[in-house]
Protein chains: 2
Amino acid sequence: MSRERSSRKSSNTRRRTRRTVKDRLGKPTIADVAAVAEVSVATVSYVINGRTNEVSPATADRVRDAVRELGYVRNLAAAALTGKKSRLIAVIVPEAGKRTEGSDINPFYGEFVFRFEQQARKYGYGLCVHGGTEEEYIQFLLERGVESAVLVGVPERAFPESLVRNDVHCVLYDSFDHNRVHSLVRTNEVKGGYLAAERLIDIGKKHIVFAGDVDPNRKNDVMAMRYEGAVKACEMAGLNPPRLFPLQTSYDDGLRAAEEIANSGADGVVVPADILAAGLIEGLQNLGRNVPAHLAVVGYDNLQMSRFVRPRLTTIDQGLQEKVEALMQIIHNRNVGDIRIIDPRIVVRESA
Amino acid sequence: MSRERSSRKSSNTRRRTRRTVKDRLGKPTIADVAAVAEVSVATVSYVINGRTNEVSPATADRVRDAVRELGYVRNLAAAALTGKKSRLIAVIVPEAGKRTEGSDINPFYGEFVFRFEQQARKYGYGLCVHGGTEEEYIQFLLERGVESAVLVGVPERAFPESLVRNDVHCVLYDSFDHNRVHSLVRTNEVKGGYLAAERLIDIGKKHIVFAGDVDPNRKNDVMAMRYEGAVKACEMAGLNPPRLFPLQTSYDDGLRAAEEIANSGADGVVVPADILAAGLIEGLQNLGRNVPAHLAVVGYDNLQMSRFVRPRLTTIDQGLQEKVEALMQIIHNRNVGDIRIIDPRIVVRESA
DNA sequence: CTGAAAGCGCTTACAG
DNA sequence: CTGAAAGCGCTTACAG
């Protein structure tokens with residue numbers, strides 16, 4: 001049906017760009033669509049990209065019909081090559097496999113990824129995940145032409161200049177950027193820590209400890225801020241600042257630390273991650289301690305899991321949905337350098 | 001430093017392909033590398049792709065030095081355009097958001113994605129996730145040039161021909177393919193159901209029910225096979241086949257169904273998903289029933305969560321790591337049509 | 001062992 | 001409103 005027009009082309013052009021539908025085995029291309037619709041590839045490109053003011057309605061319809069007829073789907077990789085954005089977002093969970101003992105990963109990451117995927121899809125982005133080392137993920141971002149990278153829980157440090165230079169928009173999530181150079185979404189961690197300690201104080205606890213790895217040299221990472229909040233709450237209640245138990249964020253670390261914490265004289269503990277809290281509670285119960293009577297625990301994150309643990313976990317809700325939406329806004333509008341800090345709230349269940 | 005050679009080129013060639021490092025603002029390209037190394041782009045391409053037998057060692061070294069000097073990272077999208085594979089895998093969880101009540105997703109998906117990501121990375125693949133409708137994910141796969149799609153838990157049905165026609169390798173995961181046309185990785189579900197019911201029988205239970213949505217018209221889906229196994233175990237013990245309670249796989253469905261199951265006269269229940277089991281146990285406890293004394297429950301999946309639930313969940317381990325490795329093999333070797341069925345095992349904890 | 005050139009599928013000035 | 005052509009960054013026969 002498209003013979004007529006194509007036969008008008010010079011044989012040279014024809015050999016180079018012209019193909020009938022049957023010639024092709026794989027996906028139809030824009031040239032196939034153009035042939036069927038009897039227009040140029042430029043015109044097809046215009047209507048595919050919605051630049052319909054460049055094209056007459058009738059032509060646009062012909063093109064759309066051809067698209068449908070051929071089952072044409074555009075090749076985004078080719079489009080990206082021409083300077084269009086790749087519309088690819090990557091969620092980077094640095095060294096995901098090493099985040100916890102064994103191969104169990106903090107369930108937070110799963111909840112995060114699937115929530116965020118819904119947002120990304122809604123805005124027409126594709127979503128990749130990567131759990132490698134810094135070197136690996138930088139290479140990944142660059143070679144895939146990723147537009148925006150969400151870095152989940154990265155420790156503060158000098159940021160790889162190569163990402164900035166290559167124009168990948170980095171958004172830190174639950175991280176801290178001392179130099180305020182990257183976009184950032186996180187919870188008000190100081191407030192979170194405050195709410196957690198405050199709850200313990202409210203139920204009459206006097207000897208509050210903090211089960212997290214706070215590096216005294218890095219005043220401004222997430223753990224340090226949660227701790228700062230807890231300290232503040234204790235101060236306001238005339239209590240000593242919480243003693244620190246430097247644990248990693250894993251179930252097994254909680255399990256192992258139970259005895260030491262139980263014997264420390266503490267009657268309340270702020271645990272800056274639900275998964276850690278689950279392990280700790282398990283360990284305390286193995287020792288015959290009652291939670292919350294003997295030792296009350298407040299978790300952090302309000303994961304699905306916090307409802308499964310017995311006693312049910314009192315925890316800090318970090319406002320995941322709100323954060324994920326903020327993330328998407330910053331990415332979509334490319335508000336480089338924007339910072340969004342979401343207020344947490346406490347969810348009181350049974351453990352405190 | 002590369003002036004010498006480039007000045008030998010014709011001015012035409014030079015204008016079209018030659019650039020000094022400084023001319024470029026964005027990523028260096030293969031042409032930049034070629035210029036610095038004073039070779040042609042073809043040579044650069046050869047050494048980047050490890051076709052070193054095409055290039056002398058000395059030349060290869062020069063190229064590698066130039067790559068390092070410029071911080072060159074190849075553009076995989078451009079490479080894919082030339083017929084190379086995209087090395088992109090997508091994990092498709094159809095309508096992830098609708099898989100459970102509200103927006104909580106079965107934690108299984110998170111565990112799966114991060115386990116699989118490690119495999120994919122190890123083999124040099126990028127991993128995307130998609131949780132949309134069939135129409136959405138087909139478009140996604142096609143426009144991104146995804147090489148292989150892992151379809152997690154898709155109901156059996158006629159498969160979209162467009163994916164096959166466009167050469168995306170579909171691997172079904174925990175699904176069933178009646179026509180045996182797609183690659184497939186799953187657990188031996190019949191055995192899983194058998195082990196679950198067997199455990200209940202072993203601890204003396206006589207009235208076993210099954211809390212899953214088994215469609216009598218589709219003999220061969222995952223749920224039906226688990227049920228088949230449970231029936232078999234009951235038969236061998238001289239018991240009646242388990243009564244069916246058609247629940248969806250969500251915490252809330254378990255919670256809601258507790259009363260009906262508790263009043264059904266059952267003393268043991270096979271629950272084909274840990275998340276469902278968690279909800280059910282919660283509901284049973286709210287009713288004052290003791291698990292396992294009054295009603296024993298066996299879950300399915302052996303999620304991390306099964307250790308947090310009280311009583312700790314006895315469950316069927318589906319061999320996630322083994323399955324994820326099998327998946328990777330099938331994808332990497334492109335064994336289209338391969339089927340791998342992994343044996344499950346029972347993990348006995350407290351709930352049965 | 002090395003290079004020039006065509007081509008992958010697309011977009012975008014630029015002419016008409 | 002429409003089309004011819006250059007170019008995005010890469011790979012791969014094909015010549016030398």
Side-chain angles (χ1 to χ4, degrees), chain A residues 5-6 8-10 12-19 24 26-35 37-63 72-86 142-145, chain B residues 5-6 8-10 12-19 24 26-35 37-63 72-86 142-145:
Chain A
R5 175 164 220 106
S6 66
R8 272 190 251 124
K9 295 184 182 180
S10 76
N12 177 39
T13 300
R14 183 179 185 177
R15 197 176 310 125
R16 288 175 57 202
T17 65
R18 189 61 188 62
R19 286 193 192 126
R24 293 234 73 209
K27 297 186 195 180
T29 72
I30 203 174
D32 299 318
V33 177
E38 304 190 4
V39 296
S40 74
V41 293
T43 301
V44 175
S45 177
Y46 290 143
V47 355
I48 285 169
N49 290 289
R51 299 177 60 171
T52 30
N53 55 334
E54 311 261 8
V55 177
S56 73
T59 308
D61 278 341
R62 281 223 312 288
V63 170
Y72 170 78
V73 178
R74 76 187 180 295
N75 179 334
L76 248 35
L81 206 52
T82 331
K84 292 277 278 195
K85 310 270 66 184
S86 68
L142 262 27
E143 72 185 13
R144 294 283 175 189
Chain B
R5 177 166 217 105
S6 66
R8 270 189 253 127
K9 295 184 180 178
S10 75
N12 176 41
T13 300
R14 184 179 184 177
R15 197 176 313 125
R16 287 177 57 203
T17 67
R18 190 59 189 66
R19 284 191 192 132
R24 294 234 73 209
K27 295 186 195 182
T29 72
I30 203 175
D32 299 318
V33 176
E38 305 190 6
V39 296
S40 74
V41 294
T43 302
V44 174
S45 177
Y46 290 144
V47 355
I48 283 168
N49 290 291
R51 300 178 59 171
T52 31
N53 55 333
E54 310 262 8
V55 178
S56 74
T59 307
D61 278 341
R62 282 225 309 291
V63 171
Y72 169 77
V73 178
R74 77 187 180 295
N75 179 333
L76 248 36
L81 206 53
T82 331
K84 294 276 279 195
K85 311 269 67 183
S86 69
L142 260 28
E143 72 184 11
R144 295 282 174 189

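Here the structure is a predicted model, which is why all the values come from computation and not from measurement. A, B, ... follow the sequence lines: proteins, then strands. Residue 1 opens every chain.
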**Request:** First locate atom CD of Glu143(A), then atom NZ of Lys27(B), and finally report the distance between them rounded to the nearest 0.5 Å.
**Result:** 9.0 Å
**Asked** Is there a donor-acceptor pair under 3.5 Å between the side chain of Ser86(B) and the backbone N or O of Gly145(B)?
**Response** yes
**Spacing between Glu143(B) atom CD and dC8(C) atom P, to the nearest angstrom** = 21 Å
**Asked** Nearest heavy-atom pair of Thr59(B) and Ser56(B): which atoms, and what distance?
**Response** OG1-OG, 2.7 Å
**Request:** Take the protein atom CG of Leu81(A) and the nucleotide atom P of dG7(C), then report the distance between them rounded to whole Å.
**Result:** 17 Å
**Message:** Tell me the interatomic distance from Asp61(B), atom CG, to dC1(C), atom P, rounded to whole angstroms.
**Reply:** 14 Å
**Prompt:** When you check the phosphate oxygens OP1 and OP2 of dA13(C), does a side-chain N or O of Tyr46(A) lie under 4.0 Å from one of them?
**Reply:** no
**Item:** Phosphate contact (dC8(D) OP1 or OP2) by Asn75(B) side-chain N/O below 4.0 Å
**Value:** no
**Request:** Answer whether the closest heavy-atom distance between the side chains of Asn75(B) and Thr29(B) falls below 4.5 Å.
**Result:** no
**Message:** Rounded to whole Å, how long is the line connecting atom NZ of Lys85(A) with atom P of dT12(C)?
**Reply:** 12 Å
**Request:** Starting from Watson-Crick (N1-N3 plus N6-O4 or O6-N4) and G-U wobble pairs under 3.5 Å, report the runs of at least three that DNA chain D belongs to.
**Result:** C:1-3 with D:14-16, C:5-12 with D:5-12, C:14-16 with D:1-3
**Message:** Let me confirm one number: the CG-OH distance from Leu142(B) to Tyr72(A), rounded to the nearest 0.5 Å.
**Reply:** 11.0 Å
**Thr29(B) side chain near dC8(D) phosphate (N/O to OP1/OP2, under 4.0 Å)** = no
**Message:** If I take atom OG1 from residue Thr43(A) and atom CD1 from residue Ile30(A), how far apart are they, to the nearest 0.5 angstrom?
**Reply:** 9.5 Å
**Message:** Below the 4.0 Å mark, does dT11(C) have OP1 or OP2 next to a side-chain nitrogen or oxygen of Arg51(A)?
**Reply:** no
**Under 4.0 angstrom between Thr82(A) side-chain N/O and dC10(C) OP1 or OP2** = no
**Message:** Looking at dT11(D), I'd like to know if its phosphate oxygens (OP1 or OP2) sit under 4.0 Å from a side-chain N or O belonging to Ser45(B).
**Reply:** yes
**Prompt:** Can you name the closest pair of heavy atoms from Val41(B) and Ala31(B) and give their distance?
**Reply:** CG1-CA, 3.8 Å
**Request:** Please report, rounded to the nearest Å, how far the P atom of dT2(D) is from the CD1 atom of Ile48(A).
**Result:** 15 Å
**Nearest-Å distance for atom pair CG/C1', residues Leu76(A) and dC8(C)** = 15 Å
**Message:** By nearest heavy atom, map Ala80(A) and Ala42(B) onto DNA chain C; which one lands nearer the 5' end?
**Reply:** Ala42(B)
**Message:** Rounded to the nearest 0.5 Å, what separates atom CZ in Arg144(B) from atom CZ in Arg144(A)?
**Reply:** 11.5 Å
**Arg74(B) CZ - dC8(C) C1' separation (whole Å)** = 17 Å
**Request:** Send over the distance from Lys27(B) NZ to dG9(D) P, rounded to a whole Å.
**Result:** 10 Å
**Request:** Taking only the side-chain nitrogens and oxygens of Ser40(A), find out if one of them lies under 4.0 Å from OP1 or OP2 of dG3(D).
**Result:** yes
**Request:** May I ask you to verify if any side-chain N or O of Thr43(B) is less than 4.0 angstrom from the OP1 or OP2 atom of dT2(C)?
**Result:** no
**Asked** Between dT11(C), dC10(D), dC1(C), which nucleotide gets closest to the side-chain atoms of Ile30(B)?
**Response** dC10(D)
